[in-house]
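These notes concern the structure reproduced below.
The figures here come from the full heavy-atom set of this structure, side chains too, leaving out hydrogens, waters and symmetry mates. Order of listing sets the numbers, starting from 1, for every ligand and every atom in it.
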Amino acid sequence: MQVQWYPGHMTKAKRMMLDEIKLIDLVIELLDARAPLSSRNPDIDEMSKGKARLVLLNKSDLADPDRNNAWLQYFREHGITALTVDSRNREGFGRIGKSVEEVCRDKKERDQKRGIMNRPVRAMVVGIPNVGKSTFINSMCRKSSARVGNKPGVTKGKQWIRLDKTTELLDTPGILWPRFEDETTGINLAYIGSINDEIIDETELATGLISYIAGSYAGALYDRYGVDESLDAVGILGGIANKRGCLKKGGECDYSKAANIVLDDFRSGKLGRITLEEP
Ligand code: G4P
């Protein structure tokens, strides 16, 4: 399966990110809990050197709970503070303040040694497209809608949202480009809807997803569509087309229509809580 990239798009995004990151103390990195590695931008480590870091596994409501825990442990073992959140429902938000405090402790101490008292932590949300950055920022805002005015030395037009006494969040997220590294990553990103479907054949994409789900989450396809999971992926897709009445004139299966049903159902969690990667 060929996944096409348009790195040209991303040059501007990268430049903007590098400019904005200079203003902040804390990078809040949003990943998709269903594919934490594939949704991670490999350059973020380099870009956020010297900054405090917090990883949020967003859309954890759509991901496998056991694997959510395994991923949290994975990040912990790599010295990265991580939390699972569901930004639509503010699930997990209660733990964010304490984690911010933890990861910013060094900064606070440095400030104090230099005689700087109570300078707020400035945070920025970063992540690849569709990972939930705007939803996260809006949900954070709802709690504390206090906006901080423009400040000298800060890019004009940028708004900061006061989260609590010590933290301010930039109201626009940093958009990171997805990984370009390998085919599996590209395909995982296509499954979760992070890269444009139009560049990939949906039938091929859906059969790949069906193979994975049938192998790792036995019963999920049967429960949703009543199909025989012992068939190969194309056979299962044909079964779904039949069950859902996706037929062309003449009674032939409309694989493309069935493929879109499968992809939509996966992305909206109707196939259950499924994670594509294991630590
Ligand atoms: P972005 O800024 O990173 O590009 O992402 P954005 O917030 O626009 O979110 C992309 C989609 O993901 C939205 O759905 C949003 O509702 C959904 N989303 C964000 N966070 C979560 C989460 O924690 N759990 C779940 N289940 N979904 C989440 P959409 O279908 O594009 O829009 P809408 O139907 O919500 O309007």
Side-chain angles (χ1 to χ4, degrees), residues 5-6 9-10 12-14 16-17 20-21 24 27-41 43-44 47-48 54-65 67-69 71-72 75 82-96 99 123-143 145 158-159 161 163 169-179 185-186 188-199 202 209 213 217 220 224 260-277:
W5 299 105
Y6 299 97
H9 263 31
M10 299 298 172
K12 193 173 160 220
K14 185 167 187 170
M16 278 170 62
M17 265 294 302
E20 285 175 338
I21 222 162
I24 57 141
V27 175
I28 300 177
E29 186 186 359
L30 253 66
L31 303 180
D32 191 308
R34 294 166 299 171
L37 284 190
S38 294
S39 59
R40 202 151 200 235
N41 172 298
D43 299 332
I44 190 68
M47 284 191 302
S48 51
L54 177 63
V55 163
L56 299 180
L57 297 171
N58 193 38
K59 306 198 186 186
S60 60
D61 54 308
L62 299 175
D64 175 340
R67 291 204 191 169
N68 280 345
N69 288 332
W71 278 109
L72 287 178
F75 283 109
L83 297 172
T84 50
V85 292
D86 162 4
S87 293
R88 270 187 179 164
N89 296 305
R90 302 176 41 86
E91 225 31 77
F93 276 34
R95 296 189 300 267
I96 294 176
S99 297
M124 178 183 186
V125 171
V126 304
I128 64 167
N130 209 39
V131 79
K133 299 178 294 300
S134 310
T135 310
F136 174 79
I137 293 172
N138 287 338
S139 293
M140 286 301 264
C141 269
R142 239 192 300 147
K143 195 182 84 186
S145 56
K158 293 253 173 280
Q159 288 286 321
I161 303 154
L163 297 185
L169 180 69
L170 192 61
D171 81 340
T172 47
I175 301 167
L176 298 173
W177 47 102
R179 289 171 94 104
T185 303
N188 282 340
L189 292 174
Y191 290 157
I192 63 175
S194 254
I195 55 174
N196 206 335
D197 263 357
E198 285 155 28
I199 60 175
E202 70 269 6
L209 183 60
I213 296 174
Y217 291 91
R224 178 83 186 149
N260 283 317
I261 291 178
V262 174
L263 293 169
D264 285 347
D265 283 353
F266 167 70
R267 289 172 188 160
S268 60
K270 292 194 184 98
L271 283 167
R273 298 178 65 172
I274 292 172
T275 297
L276 301 169
E277 293 174 321

Heavy-atom nearest neighbour in the protein, as seen from [atom], with distance rounded to 0.1 Å:
atom                    : value
atom 23 (O) of ligand 1 : Ser87 N, 2.8 Å
atom 20 (N) of ligand 1 : Asn58 ND2, 3.1 Å
atom 18 (N) of ligand 1 : Lys59 CE, 3.7 Å

According to side chain to side chain donor-acceptor pair (under 3.5 Å), who are the partners of Arg224, at least two apart in sequence or on a separate chain? Asp265
Verify, without hydrogens or angle tests, whether [X] (side chain) and [Y] (backbone) share a donor-acceptor contact under 3.5 angstrom.
X      : Y      : result
Ser194 : Pro129 : yes
Ser139 : Arg88  : no
Arg273 : Asp64  : no
Asn58  : Val131 : yes

Which option out of [options] puts a heavy atom nearest to [atom]?
atom                    : options                        : answer
atom 29 (P) of ligand 1 : Glu91, Arg88, Arg267           : Arg88
atom 24 (N) of ligand 1 : Val131, Asp61, Ile137          : Asp61
atom 11 (C) of ligand 1 : Asn138, Asn130, Val125, Leu176 : Asn130

Taking only non-hydrogen atoms of Leu62 and a 4.0 Å limit, the atoms of ligand 1 in range are 26 (N)
Is Thr135 close to ligand 1, meaning an N/O of one under 3.5 Å from an N/O of the other? yes
Taking both backbone and side-chain atoms of Gly132, is any N or O found less than 3.5 Å from an N or O belonging to ligand 1? yes
For atom 2 (O) of ligand 1, is there a protein heavy atom at a distance under 4.0 Å? yes
What's the separation between atom CG in Leu57 and atom CZ in Arg34, rounded to the nearest 0.5 Å? 12.0 Å
Residue pair Ser39 / Asp32, side-chain donor-acceptor N/O under 3.5 Å: no
